[in-house]
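Worth saying up front: this structure is predicted, and the values here are computed from it rather than measured.
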Amino acid sequence: APRVRVVYRHCFDTEVTASRLPAEAAEAAGLQGHFWEMHRLLVAAPAQFELPVLVIKARLLRLEHERFLRAFGSAGTAERIARDRQSAHRSGVVSAPALFVNGFRYIGQVDSDELLDGIEALDGDDS
């Protein structure tokens with residue numbers, strides 16, 4: 001069976017502060033091992049990115065409150081997000097979402113059969 005690894009890069013408009021907040025929340029949750037859980041909560045309610053709502057989401061995940069707040073907006077979190085944005089831009093991504101399989105970028109709506117074919121083509125590829 002082919003190996004699949006999901007890699008996420010933050011890519012948002014730097015001029016819109018509110019678009020940075022969910023990235024910070026996800027990274028802060030990630031420091032406690034809950035990046036994907038926070039990501040799912042953020043995607044489920046994409047219009048709710050105010051700090052008080054993000055803190056409530058952290059509580060839903062039972063994150064350590066003070067640790068979450070310290071990481072939220074910290075220099076380390078900001079650096080990680082900046083590296084993600086730079087990586088996304090180097091890959092030609094200027095807006096989200098973007099999907100790559102083995103270096104090939106899918107643009108527009110992706111047909112699930114087409115995506116599965118791309119993943120299955122990796123079978124036996126050890127790169």
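Here NE2 of His39 is found 10.5 Å from CG of Leu41. Values are rounded to the nearest 0.5 Å.
Distance alone, capped at 3.5 Å, places no donor-acceptor pair between the Glu27 side chain and the Ile81 backbone.
When all heavy atoms are compared, the tightest approach of Ala26 to Leu42 is CB-CD1, 4.2 Å.
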Indicate every side-chain donor-acceptor pair of residues 49-62 with a distance under 3.5 Å to a residue at least two apart or in another chain.
none

Just distance, no hydrogens or angles: give the donor-acceptor pairs under 3.5 Å from side chains in residues 67-80, sequence neighbours left out.
residue: Arg67; atom: NH2; partner: Leu31; partner atom: O; Å: 2.7
residue: Ser74; atom: OG; partner: Ala71; partner atom: O; Å: 3.0
residue: Ser74; atom: OG; partner: Thr77; partner atom: N; Å: 3.2
residue: Ser74; atom: OG; partner: Thr77; partner atom: OG1; Å: 3.1
residue: Thr77; atom: OG1; partner: Ala71; partner atom: O; Å: 2.6
residue: Glu79; atom: OE2; partner: Arg83; partner atom: NH1; Å: 3.0

